[in-house]
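Single-structure report; data block below.
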Number of protein chains: 2
Amino acid sequence: MELAALTAIGRTRQLTAGESIIWEGEDSVLVANVIDGVLKLSTNTEDGREQIVGVVYPSDFIGRPFGGTTGHGVTALTDAKVCVFSRRDFDAFAREHPALEHKLLERTLGELDRTRRWMLLLGRKSAAEKMASFLVEMTERLSGSSCRVERDKPNQRILTLPFSRQQIADVLGLTIETVSRQFTRLKNEGVIDLPSRREVTILDFDTLVAEAG
Amino acid sequence: MELAALTAIGRTRQLTAGESIIWEGEDSVLVANVIDGVLKLSTNTEDGREQIVGVVYPSDFIGRPFGGTTGHGVTALTDAKVCVFSRRDFDAFAREHPALEHKLLERTLGELDRTRRWMLLLGRKSAAEKMASFLVEMTERLSGSSCRVERDKPNQRILTLPFSRQQIADVLGLTIETVSRQFTRLKNEGVIDLPSRREVTILDFDTLVAEAG
DNA sequence: CGGCAATTTGACTATCCTCAACAGGGGTGG
DNA sequence: CCACCCCTGTTGAGGATAGTCAAATTGCCG
């Protein structure tokens, strides 16, 4: 299979939480595959406001093949392991392996769909709807990995979020204070519980879905 | 060239302004190339709020190849001409023509970049910044086609927008009233002029760029 | 010229942001 | 092992931006 040859031109790299491997605006010199961990894609305004424009999980692809500059930085949210390729090598390899390009095309189309759905959230949803949408998405994305279920409470999911409050705000286009207030509101209403800073227990998933707009 | 064979499996279709060719949520049954005109890609919340998630111009690609349902509707903003393909035919054709897939991949990657940049606008920019960004983008996109220059005023560009006020609001994640107020503010400040409903004269492009954030 | 839809304007309101103070908790060093 | 400290997150008060609702105006088309 081609994967062997592809692996040969890549090398794995370990990242610690907070470490960046690609910076906004620089020439695209490398691409990578996520092996383990969660990374964010983000852009900033000149005056420092940040918007997280994508979140990538294991098996996702990072970087901008085929020329151009990268429009967003890539930073590890958790400790992460990635398989890095020189963009030149990758480009050449891809052009010779249509099956790989096809796979990449399918992934990119899916990513574009997901990104566009997120635009509806950013442009048209209220803070409450944004938070609910976020928690629904997180429940789906973290199913399996960072998700525990207590034996006696099968409807509850305990998620370990890969985001700080500030990062959640940067995903949703809100401020950290608004995010915090929404969390405490949902907790007071019995929809979620907050066992620790990075954990959320989903008590009433249906209400979240309804509130997501 | 392969284009001949591709054209053989497609057929051109004329759309009048306001007409849709793809609806949100339906199975992806066709894809198309824009020959002439401007179309919007949009999603709606259940309660009717709309967000325009993309705008396509001549030579752009429409639709979702390779399975899946389309996450957004496609509607003509102006009268338009498109070259339509059955998705089945197109998928099969594409798989046999890596050069076409490569081209489509490059386009899709570019579209993803542009979409992500727009997320920064939706999530983090003020109404004034959104309007300025919009007018800057329009000036760039419409250079040539819907753009006139008076002989004696080379720095002014007269744009014919393919959007109504409501549609501008749906692009920017604002209300129609806010868009209208921003237009009159910019006009009062001498940055633009508004000769008619669909036209904008750019008097001071630099100020717009500065105000775009 | 009249009718209709799109746009503008105005007054008021709500949501979310800003600024500021406070609380918690996890880790470190005594 | 406990106390302290610092960072992150929470809470509060007040304010600004953009939304809502309503009315007036424009301009387009028959």
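First the proteins, then the strands, lettered A, B, ... as listed; each starts at 1. The shown structure was predicted, so the numbers you read here are calculated from the model rather than taken from an experiment.
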Using whole Å, report how far [atom1] of [X] lies from [atom2] of [N].
X        : N      : atom1 : atom2 : answer
A/Lys130 : C/dC16 : NZ    : C1'   : 10 Å
B/Glu177 : C/dT8  : CD    : P     : 11 Å
B/Arg49  : D/dT20 : CZ    : C1'   : 14 Å
B/Asp170 : C/dT7  : CG    : P     : 12 Å
A/Phe183 : D/dT8  : CZ    : P     : 16 Å
B/Glu199 : C/dT7  : CD    : P     : 14 Å
A/Leu194 : D/dT11 : CG    : P     : 10 Å
B/Gln166 : D/dG19 : CD    : C1'   : 13 Å

Requested in this report: Could you tell me whether A/Arg197 contacts a base, only the sugar-phosphate backbone, or nothing, with contacts defined as non-hydrogen atoms closer than 4.0 Å?
Outcome: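 Base contact.
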
Report task. Have a look at A/Ser196 and say if it touches a base, only the backbone sugar-phosphate, or nothing, with a 4.0 Å heavy-atom cut-off. Result -> nothing

Query raised in the report: Between A/Arg185 and A/Glu211, does at least one N-O distance fall below 4.0 Å, as a salt bridge requires?
Result: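 Yes, this pair counts.
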
Requested in this report: Identify whether the distance between the nearest side-chain nitrogen and carboxylate oxygen of B/Arg116 and A/Glu111 falls below 4.0 Å.
Outcome: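 Yes, this pair counts.
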
Query - Pairwise 5' ranking along DNA chain D for A/Arg198 and B/Gln182, keeping only the more 5' one - result: A/Arg198

Query raised in the report: With a 6.0 Å cut-off on ring centres, are B/Phe66 and B/Phe90 close enough?
Result: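 No, they do not, as the ring centres are separated by 6.0 Å or more.
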
Requested in this report: Ignoring the backbone of B/Thr175, work out which of D/dT20, D/dA18, C/dT7 is nearest its side chain.
Outcome: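 Of the candidates, D/dT20 comes closest.
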
Can you find a side chain N or O atom of [X] that sits less than 4.0 Å from OP1 or OP2 on [N]?
X        : N      : answer
A/Arg181 : D/dT11 : no
B/Ser164 : C/dA6  : no
B/Thr178 : D/dA18 : no

Query raised in the report: Between A/Arg124 (side chain) and B/Glu50 (backbone), is there a donor-acceptor pair under 3.5 Å?
Result: yes

Report task. Evaluate the side-chain hydrogen bond (donor to acceptor under 3.5 Å, both in side chains) criterion for residues B/Thr16 and B/Glu19: first the C-alpha distance (whole Å), next the side-chain angles of each, then the deciding distance (0.1 Å), finally the verdict. Result -> CA-CA 6 Å; B/Thr16 56; B/Glu19 194 175 349; 3.2 Å; yes

